[in-house]
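Shown next, in structure tokens, is the structure this report addresses.
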There are 4 protein chains.
Amino acid sequence: MSKPQSAEWHERRRQIMAAALPVFAEKGFKGATNRDIAEAAHIAPGLIYHYFANKEELFTAILDEFLPLDRVSLPLETMTNVPPQQLLPLLLQGLNVIFQEPRFFLVMRILVAETMHTPEAGQRFNAIFKRLLDPFAAYLRAQIAAGRLRAGDPLLMAQMFLSSVAIFFLRRIIGQDPTLQGYDPDAMAHFVTDAFLRAFAPENNSSP
Amino acid sequence: MSKPQSAEWHERRRQIMAAALPVFAEKGFKGATNRDIAEAAHIAPGLIYHYFANKEELFTAILDEFLPLDRVSLPLETMTNVPPQQLLPLLLQGLNVIFQEPRFFLVMRILVAETMHTPEAGQRFNAIFKRLLDPFAAYLRAQIAAGRLRAGDPLLMAQMFLSSVAIFFLRRIIGQDPTLQGYDPDAMAHFVTDAFLRAFAPENNSSP
Amino acid sequence: MSKPQSAEWHERRRQIMAAALPVFAEKGFKGATNRDIAEAAHIAPGLIYHYFANKEELFTAILDEFLPLDRVSLPLETMTNVPPQQLLPLLLQGLNVIFQEPRFFLVMRILVAETMHTPEAGQRFNAIFKRLLDPFAAYLRAQIAAGRLRAGDPLLMAQMFLSSVAIFFLRRIIGQDPTLQGYDPDAMAHFVTDAFLRAFAPENNSSP
Amino acid sequence: MSKPQSAEWHERRRQIMAAALPVFAEKGFKGATNRDIAEAAHIAPGLIYHYFANKEELFTAILDEFLPLDRVSLPLETMTNVPPQQLLPLLLQGLNVIFQEPRFFLVMRILVAETMHTPEAGQRFNAIFKRLLDPFAAYLRAQIAAGRLRAGDPLLMAQMFLSSVAIFFLRRIIGQDPTLQGYDPDAMAHFVTDAFLRAFAPENNSSP
DNA sequence: TATGAATGAGGGTTCATTCAT
DNA sequence: GATGAATGAACCCTCATTCAT
């Protein structure tokens, strides 16, 4: 169990996890059979249990491995002096990169689906969202203090901004609707950023 | 199957569906066993097959029954002359009422979860979203034309507005995060509406 | 679980238990597969789980059903005035009847085998032995007090008597050795009883 | 397989058997996994197959090795002139020594349990019992002939004596019942021997 | 000699579905 | 209509055994 294992062991373990990920994403935890997973990994079903105690451990190991919260974060705390006009596009680019990664996309599918049934998955989901939300809210608070944004609840602002963007990403997770696919990420980012900046521009910088 | 059936038959059918809905919502399609459903409906498991061909038909019948697209719509096309300042709060109130209904909430849970696995469910999800989006975009287009909103892509505007609100509702579906629960719907609505109106206020209609 | 069940249900349950008993006796708890049991009971394997939560519950239910301690007891407490010369043969006849019953024989096989591995089975084994031993020891104590037997530890006496007989019965449980099978129960009973009576006859302080 | 092997080979083989013995005793043949055995022997599971064809061969090899019938015998044929008063305690001491040996105790557990399922084990069990029984019966026959014991079937006498003692030993194999544990071997031996001698004392050696 | 990764048959169990009542 | 006993395919998992290293 807790014995240290060789590098090959971890490597093989990761291979199985990587092969199982799309299976879980496509069929869900209950729908993915061990035979499905074994076939995807080109191994015999029994071998799974050489590397994982059971299906559930494999499942959570996948989430732990391919949903690294570290990746879902920008060094916002060090960027207080970057004005929103520059930072918001950077933020969106960062998100775009993260979501572009195919595995992250698959993990999100799993997480969303499982969240509906198991509270634990919901916690992971919230954790990842907060990971993004809190630093961003802190940044916005600093901007408000610096007079670069209008006064207001930064947490609400952050939430609104991220959620208005989230849908664009979520749609890629969910089924594809042709009418809503026509927008390229950059255009969306520009549009949303503009709107946000206008909405929360400083109160009234009118001279005389 | 497709024979016309008595009213009692339809009534009984609905009872089973109503009882099965929360079971599917809690455990998912695969996780919900026929016995679970039968117990929830206070019937014997075998009886399900007098009213539904199989588990799948029961499932889709539930979606058809309790996801009535009709309800997810406001008569926006008749409200072109209501200014955004008045209409947006109305819209949000309407959404709130819809989401308040317990069955709708349950169906959404099911839909989100199943969407991850079956493209068909994704189509339903898109359908419901478009049902809301298209009329709203049409309304916004009219407002732009009337000079009450700044020029811009109304579909993007609509999408952004709805999605920025969506998270607040989705969070209720997903797990509960205490930090994000403190906001009452009215405050949120007010905040989001204000931001939207500032963001898309007409270009600059002043100048002497 | 604890719901009261129909008479037919209990009847069917007993049928399965009766069919499973020889299978467990022959192959042991681990060796008996559900398919073995199902075949013996002429049912599909799945049906077992309609009547029992799992293999273990079926197993213990069999022990509870076919190892009724009540049967393994004689009303010794009411027979204090019957002298040992008469009672010991009665006791052995009683034991013989019990062991003659084919199901009891099978249960004993199971119990002896399982006792080697699980302490719980050992407790059952001890319970059944004490069930016999304690009343018998009490009877002997009374006989000693009445001067019909020589003074001595009645528990040891009882244990010795029963165990000297036990082997004759156990041999039937274990494999058959022809040389040791030639004795008919009555002869054995007579022999053992005689020996016991001589061994523990009253001191014989007959005065001249 | 049957090739002559080096002394080291036999040594290693014995190590594995010695390590496997308690595992089989505790869990039974089916319950003991090769991994259990390998862990107990501090070897890799695969290595077992270098020394034994399969699990079954290991099992029977253990019985052959650790159930040496030679040990279960006293040189009774040379002790015909030792009177029963002296010999019976010696016999019981000998049995006690044998049962004291931890490995013998473990093998007996295995044998009793497996005897319930496989006739072959039953034969071993009988063999060991006869090994004890026959010389003892011969000794008794000689004593009867010498007038030191009352006339009677010596095989029955021997069986009765051994079995009345057997339970005391078997109880140590089976679960522990506190009430029956209080007797020390010597006291038991004395009690049983006394009873036997009284029961089979020569008919009537008095009369002037 | 020794390892432990790998296999796959088979075990206990679940559950959608059928059907006699 | 309604029941729930009955079925059997398929699930997750175990483990004796093999084999490349």
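So that the names make sense, note that chain A is the first sequence line, chain B the second, and so on, each numbered from 1.
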Test: side-chain hydrogen bond (donor to acceptor under 3.5 Å, both in side chains). Region: residues 14-28 of chain D. Which pairs qualify, not counting sequence neighbours? D:Arg12-D:Gln15, D:Arg14-D:Glu65, D:Lys27-D:Asp36

Those stems involving DNA chain E that have three or more consecutive Watson-Crick or G-U pairs, both distances under 3.5 Å, are E:2-21 with F:2-21

Spacing between C:His10 atom NE2 and F:dA5 atom C1', to the nearest angstrom: 16 Å

The criterion is ring pair (Phe, Tyr, Trp, His ring centres under 6.0 Å); which residues satisfy it with B:Tyr51, sequence neighbours excluded? B:Trp9

Nearest-Å distance for atom pair CZ/P, residues C:Arg12 and F:dT3: 22 Å

CD of C:Glu57 versus C1' of E:dT13: gap in Å, rounded? 14 Å

Mark yes or no for whether D:Lys30, through its side chain, and C:Gly28, through its backbone, hold a donor-acceptor pair below 3.5 Å. no

Which one of C:Phe24, C:Phe29, C:Phe66 satisfies the side-chain contact (heavy atoms from CB on, under 4.5 Å) criterion with C:Ile110? C:Phe24

Between A:Thr60 and A:Arg124, is there a side-chain heavy-atom distance shorter than 4.5 Å? yes

Walking DNA chain F from its 5' end, the first of B:Glu8 and D:His50 to be reached, judged by nearest nucleotide, is B:Glu8

Around D:Glu101, counting heavy atoms of other residues, nucleotides and ligands shown, do more than 12 lie under 6.0 Å from its CD? yes

To the nearest Å, how far apart are C:Ile48 CD1 and E:dT14 C1'? 13 Å

In whole Å, what is the span from the CH2 atom of A:Trp9 to the P atom of E:dA6? 12 Å

To check you understand the geometry: which heavy-atom pair defines the closest contact between D:Ala61 and D:Met17, and what is its length? O-CE, 3.4 Å

Report which part of the nucleic acid C:Ile43 touches: base, sugar-phosphate, or nothing (heavy-atom distance under 4.0 Å, all strands). sugar-phosphate

Interatomic distance where CZ belongs to C:Phe52 and C1' belongs to E:dG12 [whole Å]: 15 Å

Atom pair distance, as rounded to whole Å: CD1 in A:Ile37 and C1' in E:dG8: 17 Å

Name the pairs: protein N/O against N/O of nucleotides 15-17 of chain E, kept only if under 3.5 Å.
residue : atom : partner : partner atom : Å
E:dA16  : OP1  : B:Lys55 : NZ           : 3.1
E:dA16  : OP2  : B:Asn34 : N            : 2.6
E:dT17  : OP2  : B:Tyr49 : OH           : 2.8
E:dT17  : OP2  : B:Lys55 : N            : 3.0
E:dT17  : O5'  : B:Tyr49 : OH           : 3.3

Here the distance between atom P of E:dG10 and atom NZ of C:Lys27, to the nearest Å, is 13 Å

Listed by chain and number, what are the ring pair (Phe, Tyr, Trp, His ring centres under 6.0 Å) partners of C:Phe104, not counting sequence neighbours? C:Phe99

Residue-phosphate contact under 4.0 Å: B:Tyr51 side-chain N/O, F:dG1 OP1/OP2: yes

Which residues satisfy the side chain to side chain contact (heavy atoms under 4.5 Å, CB included) test with C:Leu106, sequence neighbours excluded? C:Leu21, C:Pro22, C:Ala25

